[in-house]
Q: 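What follows is a single structure, and I will ask about it in a moment.
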Amino acid sequence: MGVLNVTPDSFSDGGQFLSTVDALQRARQMIADGADILDIGGESTRPGAAAVSVQEEMDRVLPVLQALQPLQVPLSVDTRRTEVMSASLAVGVDLINDISALEAPGAPALLAQNRAAVCLMHKQGEPCSMQQRPLYSDVVDEVAGYLAGRVEAALAAGIGVDRIVVDPGFGFGKTLEHNLALLRSLQRFAPWPVLAGLSRKSMLGQITGQPVESRLAASVAAAMLAVQHGAAIVRVHDVAATRDALKVLAAVDAGKF
Ligand code: HH2
């Protein structure tokens with residue numbers, strides 16, 4: 001899954017693809033590099049990010065989704081707002097990537113009426129303050145319990161089991177130790193397809209000492225580890241390098257991919 005943030009303030013690609021022309025060019029490049037899905041986001045959810053209005057998010061995301069329609073690649077929209085989900089589904093997206101796991105009022109019912117898949121992500125707290133003091137007694141148990149509950153809610157609303165993806169939410173209200181425990185235990189979530197988003201995140205900076213623009217090697221390593229631990233989808237900024245690494249993994253582990 002290639003990340004395409006159409007925001008001024010995303011932590012690694014903010015401000016780079018704000019115009020539809022730039023976003024389209026970036027999308028074409030990621031497809032050429034081997035992306036299977038493009039994830040379009042109009043709200044930064046980096047730690048400390050301020051929320052944007054629904055209208056602002058729609059104004060950022062919808063023209064890009066429309067422009068990407070002819071590209072014939074599955075499209076995902078990264079949003080937690082029911083209104084943005086609804087407008088994106090009307091344009092035609094294949095996946096709703098929701099960092100709030102369909103907790104917004106009306107979101108489960110909306111998805112039940114559509115054929116799009118949904119990614120249910122765990123987070124503790126809200127982006128503006130989630131990294132201030134993340135606290136768990138057992139992070140893996142708690143994240144697994146939360147995701148199981150959100151899957152139940154999605155199923156109860158009428159969303160088909162074959163349309164559900166889960167995500168432990170690396171960096172969303174988690175310390176480095178929490179993130180590493182989740183990465184080691186990804187198999188715990190594997191009754192459902194697991195999405196892992198580690199690309200360029202600050203946990204990789206904590207481990208390597210590298211600033212965000214120099215986390216390519218760490219991101220590729222993390223994506224490989226996530227796949228080895230059971231991830232079905234890796235959400236990445238650097239598609240070409242990740243694709244090459246996964247080809248090596250697939251060759252070694254022939255037949256698995
Ligand atoms: N991470 C980010 C955004 N959306 N969605 C899922 N399912 N999983 C993730 O780990 C995830 C996500 C944050 O990364 P990014 O989009 O690069 O930055 P920003 O939130 O600043 O736009």
Side-chain angles (χ1 to χ4, degrees), residues 1 3 5-7 9-10 37 39-66 74-132 134-136 142-174 189 191-195 197 233 235:
M1 171 185 271
V3 180
N5 285 315
V6 286
T7 63
D9 58 341
S10 286
I37 308 169
D39 187 40
I40 321 306
E43 179 197 27
S44 172
T45 49
R46 74 183 194 287
V52 295
S53 71
V54 169
Q55 192 56 51
E56 176 70 37
E57 193 182 340
M58 294 228 216
D59 290 346
R60 291 177 184 175
V61 159
L62 296 180
V64 173
L65 288 178
Q66 265 147 1
L75 295 178
S76 161
V77 65
D78 185 352
T79 186
R80 47 192 175 147
R81 265 75 177 263
T82 310
E83 298 91 331
V84 182
M85 293 177 196
S86 178
S88 303
L89 288 165
V91 174
V93 294
D94 303 277
L95 174 72
I96 299 291
N97 174 23
D98 183 4
I99 66 153
S100 292
L102 299 186
E103 285 197 34
L110 173 71
L111 264 290
Q113 292 155 16
N114 283 275
R115 46 159 280 282
V118 61
C119 178
L120 305 170
M121 198 198 80
H122 173 273
K123 64 176 167 52
Q124 187 180 81
E126 291 302 313
C128 58
S129 57
M130 65 191 176
Q131 286 306 106
Q132 281 169 14
L135 204 60
Y136 301 85
E142 286 176 44
V143 171
Y146 171 83
L147 290 176
R150 296 314 300 157
V151 170
E152 280 307 310
L155 294 174
I159 300 171
V161 69
D162 55 339
R163 292 163 50 198
I164 298 174
V165 175
V166 300
D167 181 345
F170 292 103
F172 283 84
K174 281 128 193 153
F189 314 109
W192 307 288
V194 174
L195 187 155
I233 304 172
R235 182 181 181 277

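Atoms considered below: every heavy atom in the structure, side chains included; atoms not considered: hydrogens, waters and symmetry mates.
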Q: After noting the C-alpha distance and the side-chain angles of Thr7 and Arg60, does the key distance pass the side-chain contact (heavy atoms from CB on, under 4.5 Å) rule?
A: CA-CA 7 Å; Thr7 63; Arg60 291 177 184 175; 4.0 Å; yes
Q: List the atom of Gln124, the atom of Pro134, and the distance in Å for their closest heavy-atom pair.
A: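 Closest pair (atom of Gln124, atom of Pro134, distance): OE1-CA, 3.3 Å.
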Q: Using distance only, find each side-chain donor-acceptor pair of residues 109-120 under 3.5 Å and give its atom names and separation, not counting sequence neighbours.
A:
unit_1, atom_1, unit_2, atom_2, d
Asn114, ND2, Leu110, O, 2.9
Arg115, NH2, Asp94, OD1, 3.4

Q: Mind checking the CZ-CD spacing from Arg80 to Glu103? Nearest 0.5 Å is all I need.
A: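 Reported to 0.5 Å precision, the distance equals 11.0 Å.
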Q: What is the distance from atom CG of Leu95 to atom OG of Ser88, rounded to the nearest 0.5 Å?
A: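 So the CG of Leu95 and the OG of Ser88 are separated by 11.0 Å.
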Q: Using 0.5 Å steps for rounding, measure from the CD atom of Glu43 to the CD1 atom of Ile99.
A: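 Nearest 0.5 Å value for the CD-CD1 distance: 6.5 Å.
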Q: At their closest point, which heavy atom of Val52 faces which heavy atom of Gly42, and how far apart are they?
A: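 So the two residues come closest at CG2-O, 4.0 Å.
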Q: Hey, could you give me the CE/CD1 distance between Met1 and Ile233, rounded to the nearest 0.5 Å?
A: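 Result: 5.5 Å between the selected atoms.
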Q: Looking at every non-hydrogen atom in both residues, tell me the closest pair between Leu155 and Ile159 and how far apart they are.
A: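 Taking Leu155 first and Ile159 second, the nearest heavy atoms are CD2-O, 3.4 Å.
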Q: What is the distance from atom CZ of Arg150 to atom CD of Glu152, rounded to the nearest 0.5 Å?
A: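 Arg150 CZ to Glu152 CD: 11.0 Å, rounded to 0.5 Å.
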Q: How close do Ser100 and Tyr146 get, counting heavy atoms only, and between which atoms?
A: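 Taking Ser100 first and Tyr146 second, the nearest heavy atoms are O-OH, 3.8 Å.
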Q: Do you know the tightest heavy-atom contact between Gly92 and Leu75?
A: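 Heavy-atom minimum between the residues: O-CD1, 4.4 Å.
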Q: Can you measure from CG (Leu195) to CE (Met121) and round to the nearest 0.5 angstrom?
A: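 One gets 10.0 Å once the value is rounded to the nearest 0.5 Å.
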Q: Between Thr45 and Lys123, is there a side-chain heavy-atom distance shorter than 4.5 Å?
A: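 Heavy-atom side-chain distance check fails, nothing below 4.5 Å.
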Q: In terms of the angle between their ring planes, are Tyr136 and His122 parallel, tilted or perpendicular, with boundaries placed at 30° and 60°?
A: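 It falls in the tilted class, 30° to 60°.
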Q: Nearest heavy-atom pair of Val166 and Trp192: which atoms, and what distance?
A: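 Between these two residues, the closest heavy atoms are CG1-CE3, 3.8 Å.
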Q: Distance alone, cut at 3.5 Å: any donor-acceptor contact between the side chains of Thr79 and Arg81?
A: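 Checked: Thr79/Arg81 side chains show no N/O donor-acceptor pair below 3.5 Å.
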Q: Could you tell me whether Asp167 and Arg235 make a salt bridge, using a distance below 4.0 angstrom between a side-chain N and a carboxylate O?
A: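 No salt bridge links Asp167 with Arg235.
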